[in-house]
Amino acid sequence: MGKNLYITTAIPYANAKPHIGNALDYLLADIWSRYQKQNGHAVRFQVGTDEHGNKIAAKAAELGVEPKAYTDQMYGNFQSLMNKVGAEYTDFVRTTDEHHVAAVQWIWQKLQPYIYKGTYEGWYCVGHEAFFTDKEVEATSGVCPDHQKPYERVSEENYYLRASAFTDKVREAITHNRMQIVPEFRKNEFLDLIKDGLKDVSISRPRKHLSWGVPVPNDPDQVVYVWLDALANYITVLGYPDQEGWREFWPADVQVIGKDILRFHAGIWPPMLLGLELSLPKKLLVHGFVNVGNAKMSKSVGNVVDPNEVIDQYGLDAFRYFFARHIPTQDDGDFTWEKFENAYNTELGNDLGNVVQRVASMISRYQAGVIGDAPQTEHDMKPYRDAMYALTFDIALDEVWVMVRGLNQYLETVKPWVIAKTKDTDADAASHLSEVLAQSVGTLLQIADLLVPFLPDTANKIHKIFETGIIADQQGVLFPKIHQHTPDPRTKKEA
RNA sequence: CGCGGGGUGGAGCAGCCCGGUAGCUCGGAUGGCUCAUAACCAUCAGGUCGCAGGUUCAAAUCCUGCCCCCGCAACCA
């Protein structure tokens with residue numbers, strides 16, 4: 001058995017419905033997790049929701065309920081999305097969990113040597129109850145466009161975390177990949193960002209400006225800033241600091257995040273960990289955004305794609321397939337219904353589904369469903385394994401499809417249907433045919449193994465069909481054609 | 001002069017580091033086959049490899065200048 005592994009996903013802010021970006025987090029983490037489990041490792045897989053902060057409080061007030069009551073009804077949306085994308089998570093954390101809150105306060109105490117009180121000064125809008133950057137203030141000529149009031153110069157007392165003290169250690173860890181930022185260009189971006197050193201970060205707010213959050217220990221006027229609170233989830237969910245077991249899983253092997261939150265995970269999180277005398281995570285996997293028709297997804301444009309809709313129409317495995325292979329693991333990707341449906345029909349249907357069908361069908365027809373001995377096939381798995389290790393899941397799937405194509409080409413070369421014509425009169429032909437078909441089954445079973453992390457249901461179905469040595473009854477074909485968004489070739493001919 | 005990535009046949013990409021047949025997937029055309037989900041297999045379609053120079057026997061690949069696009073730079077998944 002392998003060692004214990006730990007993977008995390010960003011915890012989304014629970015003030016909105018989950019979207020495709022969240023789904024991507026869960027999917028990538030789940031692929032990695034299933035792959036590791038397949039290879040005999042024990043994997044702990046964290047997910048959760050971030051439930052503190054002004055936006056939550058404001059939304060709750062708007063609805064006339066308590067903040068906690070509000071998040072109680074919101075977090076389930078995320079949980080159901082995780083389940084819907086098939087994420088086999090092991091731990092679900094809410095930042096309003098009692099243990100998490102207590103642990104954050106414990107962490108605050110432990111970090112005391114690196115915490116000091118300072119003054120934050122900036123442009124404040126009373127209507128927003130929030131500070132604005134110089135740039136924003138300048139762009140609006142000093143007047144808040146939403147409230148038609150001038151920004152006020154306000155200073156407030158904050159606690160600060162002395163992140164600057166850890167600049168050298170953090171930079172060194174990133175540079176030498178002890179905390180590896182994947183992909184490399186994100187690493188370089190971040191190193192450039194901190195070339196003048198890490199900045200100390202404000203980690204609290206006066207209660208009058210932030211009412212809904214973890215109270216700062218021993219200071220009733222201050223509330224813990226949400227990022228410190230949120231980042232801590234990765235260890236509190238393991239039971240840190242008081243429950244047994246967390247040491248077996250920390251440091252995390254992979255932390256999956258979106259590109260927008262890299263600087264918190266590379267600039268605040270490591271100083272926190274170092275202050276707590278904990279190891280840094282081994283890898284940060286930074287994925288990009290999903291565009292729709294090359295445009296940014298946004299509610300106002302109305303081009304938001306709901307992952308639930310995709311899954312409901314095409315099935316879970318089709319969803320996982322497209323977002324794993326056609327949205328590059330480490331960069332932005334593009335979704336359109338046409339692209340999706342094309343990939344579904346051609347790659348899943350014509351390539352994979354069809355080749356499974358044709359092999360199964362030949363065995364049923366020529367050998368009454370008896371497979372014979374499926375030999376261990378000897379395809380080169382290294383490119384696939386390398387891609388998985390490099391966290392380029394899209395490339396790994398490319399490799400699987402090389403095998404799928406290869407099998408179709410193999411069949412075309414040996415022509416089992418030709419051999420079958422003489423098998424009744426030629427004993428050699430019969431055994432040759434059996435050998436060829438068994439060989440094909442061997443390849444399909446291997447393909448199924450490689451698909452386990454990506455298309456668990458499909459992999460399982462393929463196994464079911466062939467594993468007993470006799471072709472099982474098939475419940476229809478694997479990926480039946482769907483033409484909702486693309487022309488149907490069967491009707492096109494008539495035109 | 002902020003840092004970085006990129007401009008390759010209709011679309012999306014690889015190749016460039018280690019110069020010398022321009023490759024892959026999808027789409028299109030033709031042919032083959034009939035085991036299969038109107039599928040599969042083969043071949044072809046001939047693209048100034050952003051522009052202009054330079055180095056070289058030879059450059060998509062190295063050097064210089066220019067044009068254009070994008071990411072980060074700013075608490076946008």
Side-chain angles (χ1 to χ4, degrees), chain A residues 9-13 16 18-26 53 55 130-136 139 183-193 195 201-202 225-227 230 256-264 267-268 286-290 294 296-299 304 325-326 328 331-334 336 338-339 342-343 345-366 394-395 398 401-402 404-405 407-421 433 436-437 440 474 476-482 486 488-493:
Chain A
T9 56
I11 53 172
Y13 202 54
H19 50 65
I20 209 104
N22 306 127
L24 196 55
D25 257 26
Y26 307 141
K55 285 179 187 166
F131 283 93
F132 288 82
T133 62
D134 290 346
K135 241 180 193 171
E136 286 172 305
E184 183 109 6
F185 74 90
R186 295 290 172 205
K187 163 183 167 179
N188 295 334
E189 265 174 25
F190 186 76
L191 285 174
D192 183 64
L193 180 66
K195 62 176 182 290
V201 288
S202 165
Y225 179 49
V226 287
W227 268 107
V256 180
I257 56 175
K259 64 180 183 180
D260 56 318
I261 52 175
L262 169 61
R263 57 186 187 294
F264 304 104
I268 300 178
V286 186
H287 69 248
F289 290 171
V290 178
N294 292 316
K296 189 173 171 174
M297 207 182 290
S298 83
K299 283 177 196 158
V304 173
R325 187 177 187 194
H326 292 293
D331 211 337
D332 289 355
D334 193 50
T336 65
E338 290 75 17
K339 281 182 183 177
N342 266 324
N345 282 327
T346 62
E347 295 163 11
L348 289 175
N350 295 346
D351 293 340
L352 179 62
N354 180 58
V355 82
V356 168
Q357 175 82 348
R358 68 192 296 212
V359 170
S361 163
M362 283 191 279
I363 293 170
S364 297
R365 181 184 287 229
Y366 302 144
D394 49 331
I395 308 283
D398 284 347
W401 255 254
V402 168
V404 172
R405 277 209 190 76
L407 180 52
N408 269 323
Q409 290 165 338
Y410 169 75
L411 291 172
E412 216 64 40
T413 307
V414 294
K415 298 181 173 40
W417 51 91
V418 174
I419 305 174
K421 284 177 181 162
L433 178 62
V436 163
L437 293 175
S440 302
Q474 287 175 260
V477 295
L478 237 33
F479 294 97
K481 293 293 167 58
I482 299 177
T486 54
D488 189 334
R490 285 166 297 190
T491 58
K492 193 171 127 189
K493 297 279 182 189

Original post:
Side chain of A:N345, backbone of A:I482: donor and acceptor closer than 3.5 Å?
Top reply: yes
**OP:** Using modelled atom types only, decide if a donor and an acceptor are shared between the side chain of A:D25 and the backbone of A:T9 within a distance under 3.5 Å.
**Re:** no
Any side-chain heavy-atom pair of [X] and [Y] under 4.5 Å:
| X | Y | answer |
| --- | --- | --- |
| A:V256 | A:Y26 | no |
| A:I257 | A:L262 | yes |
| A:M362 | A:L433 | no |
| A:K195 | A:D192 | yes |
| A:P183 | A:D331 | no |
| A:Y410 | A:L407 | yes |

So what does [X] touch, heavy atoms closer than 4.0 Å: a base, only the sugar-phosphate, or nothing?
| X | value |
| --- | --- |
| A:R325 | nothing |
| A:Y366 | sugar-phosphate |
| A:K259 | sugar-phosphate |
| A:W401 | nothing |
| A:V290 | base |
| A:N354 | base |
| A:N22 | nothing |
| A:D351 | sugar-phosphate |

Roughly how many Å apart are [M] and [N], using the [atom1] atom of each and rounding to a whole number?
| N | M | atom1 | value |
| --- | --- | --- | --- |
| B:rG15 | B:rG27 | P | 24 Å |
| B:rC18 | B:rC63 | P | 10 Å |
| B:rG50 | B:rA59 | P | 15 Å |
| B:rC69 | B:rU64 | P | 23 Å |
| B:rG54 | B:rC44 | P | 36 Å |
| B:rA60 | B:rC76 | P | 45 Å |
| B:rG9 | B:rA14 | C1' | 14 Å |
| B:rG19 | B:rC57 | P | 16 Å |

Subject >> CA sep, side-chain torsions, deciding dist, call: A:Q357, A:L478, side-chain contact (heavy atoms from CB on, under 4.5 Å) >> reply: CA-CA 8 Å; A:Q357 175 82 348; A:L478 237 33; over 6 Å; no
The side chain of [X] lies closest to which of these nucleotides: [options]?
| X | options | answer |
| --- | --- | --- |
| A:N408 | B:rC41, B:rC26, B:rU37 | B:rC41 |
| A:D192 | B:rC3, B:rA73, B:rG27 | B:rC3 |
| A:E412 | B:rU37, B:rG71, B:rG32 | B:rG32 |
| A:Q409 | B:rA42, B:rU37, B:rC3 | B:rA42 |
| A:K421 | B:rU34, B:rA73, B:rC35 | B:rU34 |
| A:W417 | B:rG71, B:rG27, B:rC33 | B:rC33 |

Length of the line joining [X]:[atom1] and [N]:[atom2], which is rounded to integer Å:
| X | N | atom1 | atom2 | result |
| --- | --- | --- | --- | --- |
| A:D394 | B:rA14 | CG | P | 11 Å |
| A:R358 | B:rC33 | CZ | P | 15 Å |
| A:L407 | B:rC41 | CG | C1' | 13 Å |
| A:E189 | B:rA73 | CD | C1' | 9 Å |
| A:E347 | B:rC26 | CD | P | 7 Å |
| A:L478 | B:rC40 | CG | P | 15 Å |
| A:L262 | B:rG71 | CG | C1' | 13 Å |
| A:L193 | B:rG71 | CG | C1' | 13 Å |

Subject >> Comparing A:K415 and A:W227 on RNA chain B - which has the more 5′ nearest nucleotide >> reply: A:K415
**OP:** Specify the residue among A:G288 and A:G353 whose closest nucleotide of RNA chain B lies further upstream toward the 5′ end.
**Re:**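 Per heavy-atom nearest nucleotide, the more 5' residue is A:G353.
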**OP:** Hunt down any stem RNA chain B takes part in, defined as 3 or more consecutive Watson-Crick or G-U pairs whose two distances are each under 3.5 Å.
**Re:**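 Looking at RNA chain B, the stems formed by three or more consecutive pairs are B:2-7 with B:67-72, B:10-13 with B:23-26, B:28-32 with B:40-44, B:50-54 with B:62-66.
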OP1 or OP2 of [N] sitting under 4.0 Å from any side-chain N/O of [X]?
| X | N | answer |
| --- | --- | --- |
| A:R405 | B:rC26 | yes |
| A:N342 | B:rG27 | no |
| A:Q357 | B:rC40 | no |

**OP:** Please report the shortest heavy-atom distance between A:F190 and A:R263, naming the atom on each side.
**Re:** CE1-CA, 3.8 Å
Subject >> Side-chain ion pair, A:D332 and A:K259, N-O less than 4.0 Å >> reply: yes
**OP:** I would like to know whether A:I261 and A:W227 meet side-chain contact (heavy atoms from CB on, under 4.5 Å); could you show each step before the answer?
**Re:** CA-CA 10 Å; A:I261 52 175; A:W227 268 107; 3.7 Å; yes
Grab the N/O contacts between the protein and nucleotides 5-9 of chain B below 3.5 Å, and write none if there aren't any.
none

Original post:
For A:K55, does the NZ atom have more than 12 heavy-atom neighbours from other residues, nucleotides or ligands under 6.0 Å away?
Top reply: no
